[in-house]
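Inspection log for the structure reproduced underneath, given as C-alpha cells.
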Protein chains: 2
Amino acid sequence: MAHSDQYIDKLRKSGLRPTKQRIKICEVLFDAEKTFHFTIKELVKIIENQANIKVSLATVYNTVHAFIRKGYLKEIPLNASQSYFDTNVTHHHHFFDEEENKLIDIHQDDVDEVNIKRIIPGKKIRSVEVIAKIVSDNQSQK
Amino acid sequence: MAHSDQYIDKLRKSGLRPTKQRIKICEVLFDAEKTFHFTIKELVKIIENQANIKVSLATVYNTVHAFIRKGYLKEIPLNASQSYFDTNVTHHHHFFDEEENKLIDIHQDDVDEVNIKRIIPGKKIRSVEVIAKIVSDNQSQK
DNA sequence: CAACAGTTTAGAATAAATATAATGTATTAT
DNA sequence: ATAATACATTATATTTATTCTAAACTGTTG
C-alpha cells in the first residue's frame, strides 16, 4: 500500500516511530477524500468508530502536535474552548459561522494576497491567516 | 468626573448595573492612555494591584463578556490556552509573536483591504481579521 | 424597615490539555 | 534468536481556564 509508506515517512520526519496507533491516526487524517477540520475530541471519536484498535487520548494529542510542529497539520486561529485543526495545510483562509459554530474553507484564490506594510525588526512573517466571521443576513427583516 | 459617567453608560447599555466592582473594571479597561491586550488573569492582577476593592473572578468574566457582546471589547482569534481580549475595538489586525507569545497591533491602514470574493448564501460578513504569525528572522544563518 | 431584585463572592464543577509512571513493544547488538 | 535497551502506549492524575452555584450582601422601593 503506497499510502502506508507515506504515513511512515511523515511519522519518521516528525520524529515518531511508525506504530499501529500512529498509522491509524494518519489514515484518518490523510486518507480522507477531502481535507477537513477537527477537534481532538472529534478525531478520537472517528478513530473509535473506524477502528479495530484503541488509541489513547495522550497518543492522539502527542501525534497531532508533532504533525503541527512539522507542518503536516495546521491549527486554526479561533478563540474557542477547544482547539481546531485543519488537514488542509495549503495557504488558505476561513469563514467562521458564529451561529452554527462551523468553519468553512476559503480557497487562497478567493482572497487577494494580504499585503502587510508594517514590519517588525528582526522578525519575519511565517504565516498570514484571515478569519471572516459570518452571521445570517436578515437584510429583508426591518 | 466625566469618565465615570461614560462607564455608567457603558454598563447600563450592556445590561449591567453600575456597581463599584464593575466601575473599577471599566477604569482599568477604558482609562488607559493606550488600548491594550489582556487575558482575564492579567486583568484581575491589574485590578488587584490598583485596587482598594476586591473583585471576584466571576464578576470579571461576566463583565468582560457583557462588553464583548456589546462591542466594547474584542476577542482576539488565537488558539491559545487562554482567551485574549483587546480594548481596541476599531478595525485592525495582529501580529502574533510565536516565540514571545506576544500580540502586536497592526493598524488598519497597514493592511490593504482584505477582499474576499467568495460569498456564502444567506450569510453576511460581520468582521474580517488578519493574524500574521511572526518568528525570529535568522536569515544570516544558513 | 421589611421585602425584593439584582450582585458579588468563594468555592465547587466542568472540561481541555498535559504530565506521570507503570506496562508493553520494538530495535539493537551480541 | 535473545537479552538489553530505548521508545510507546495507556490509564490515571494533575493542571489550568472557564463556568456554575448557592449563600451572603446591597441597594432600592413600598
Side-chain angles (χ1 to χ4, degrees), chain A residues 4 7-28 37-48 51-70 73-86 101 103, chain B residues 4 7-8 10-28 37-48 51-69 73 75-86 98 101 103:
Chain A
S4 189
Y7 303 155
I8 291 172
D9 189 53
K10 277 191 165 133
L11 287 167
R12 287 243 164 81
K13 284 188 175 151
S14 304
L16 301 172
R17 283 194 193 159
T19 65
K20 264 178 294 183
Q21 287 85 348
R22 287 170 182 160
I23 286 170
K24 181 73 218 172
I25 293 170
C26 287
E27 280 172 26
V28 171
H37 309 123
F38 64 95
T39 63
I40 293 288
K41 218 166 111 184
E42 287 164 359
L43 180 53
V44 168
K45 202 162 286 174
I46 295 168
I47 293 170
E48 273 173 4
N52 20 357
I53 185 177
K54 172 94 181 62
V55 183
S56 76
L57 247 191
T59 299
V60 175
Y61 271 105
N62 294 339
T63 307
V64 166
H65 284 142
F67 285 158
I68 295 271
R69 256 176 266 125
K70 198 64 193 175
L73 291 176
K74 269 197 347 189
E75 191 164 10
I76 300 169
L78 245 199
N79 242 329
S81 50
Q82 306 169 73
S83 290
Y84 281 79
F85 303 97
D86 198 336
N101 255 53
L103 276 161
Chain B
S4 191
Y7 303 155
I8 291 171
K10 276 192 166 131
L11 287 166
R12 287 243 163 80
K13 283 187 176 151
S14 305
L16 300 173
R17 283 196 192 159
T19 64
K20 261 178 296 179
Q21 288 86 347
R22 287 170 181 161
I23 286 169
K24 181 74 219 172
I25 292 171
C26 287
E27 280 172 26
V28 171
H37 308 125
F38 64 93
T39 63
I40 293 288
K41 217 166 113 184
E42 286 164 358
L43 179 53
V44 168
K45 201 162 286 174
I46 295 168
I47 292 170
E48 273 174 4
N52 21 356
I53 184 177
K54 172 93 180 63
V55 182
S56 76
L57 249 191
T59 300
V60 175
Y61 271 103
N62 294 340
T63 307
V64 166
H65 285 145
F67 285 159
I68 294 271
R69 256 175 266 126
L73 291 176
E75 191 163 11
I76 299 168
L78 246 198
N79 241 330
S81 51
Q82 309 169 66
S83 290
Y84 281 78
F85 303 96
D86 199 337
E98 295 193 308
N101 256 51
L103 277 161

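Below, chains carry the letters A, B, ... as their sequence lines are ordered, and counting in each starts from 1. Scope of the values below: all heavy atoms of this structure, side chains included, with no hydrogens, waters or symmetry mates.
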Just call it for B/T39: base, sugar-phosphate, or nothing, with non-hydrogen atoms closer than 4.0 Å on any strand.
nothing
What is the distance, rounded to the nearest whole Å, between atom CD of A/E42 and atom P of C/dA15?
16 Å
NZ of B/K24 to NZ of B/K54, rounded to nearest 0.5 Å, is 13.5 Å
Whole angstrom is fine here: how far is it from CD1 in A/I25 over to C1' in D/dA8?
12 Å
Taking only side-chain nitrogens and oxygens of B/S83, does any of them come within less than 4.0 Å of OP1 or OP2 of D/dT18?
yes
Between A/R17 and A/R22, what is the shortest heavy-atom contact and its length?
O-NH1, 3.0 Å
Which nucleotide, C/dT27, C/dA16, D/dA11, lies nearest any side-chain atom of A/K41?
C/dA16
Output the residues of residues 55-66 of chain A in contact with DNA chain D, where contact means a heavy atom of the residue under 4.0 Å from an atom of the strand; sort by number or write none.
A/V55, A/S56, A/A58, A/T59
Do the non-hydrogen side-chain atoms of B/L103 and B/L78 ever get within less than 4.5 Å of each other?
yes
Side-chain atoms of A/R17 come closest, of D/dA17, D/dC7, C/dA17, to D/dC7
Can you see which heavy atom on B/F67 is nearest to which on B/L11, and at what distance?
CZ-CD2, 3.5 Å
Is the shortest side-chain N to carboxylate O distance from B/K45 to B/E42 below 4.0 Å?
no
For A/Q82 and C/dT18, what is the distance between atoms CD and C1' respectively, to the nearest whole Å?
16 Å
Rounding to an integer number of Å, can you tell me how far B/I23 CD1 sits from D/dG27 P?
12 Å
Taking NZ from A/K24 and C1' from D/dT10, how many angstroms apart are they, rounded to a whole number?
19 Å
Are A/Q21 and D/dT10 close enough that a side-chain N or O sits under 4.0 Å from OP1 or OP2?
yes
If you check the B/R22 side chain, which of C/dT7, D/dA17, D/dA8 turns out closest?
C/dT7
Mind calculating the distance between CZ (A/F85) and P (C/dA16) to the nearest angstrom?
12 Å
For the side chain of A/T19, counting heavy atoms from C-beta on, which of D/dA8, C/dA16, C/dA10 is nearest?
D/dA8
Tell me the interatomic distance from A/I53, atom CD1, to D/dT10, atom C1', rounded to whole angstroms.
12 Å
Let me confirm one number: the CD1-OG1 distance from A/I40 to A/T63, rounded to the nearest 0.5 Å.
9.0 Å
Atom pair distance, as rounded to whole Å: CG in A/L11 and C1' in D/dC7
14 Å
Under 3.5 Å: donor-acceptor pair, side chain of A/D86, backbone of A/K74
no
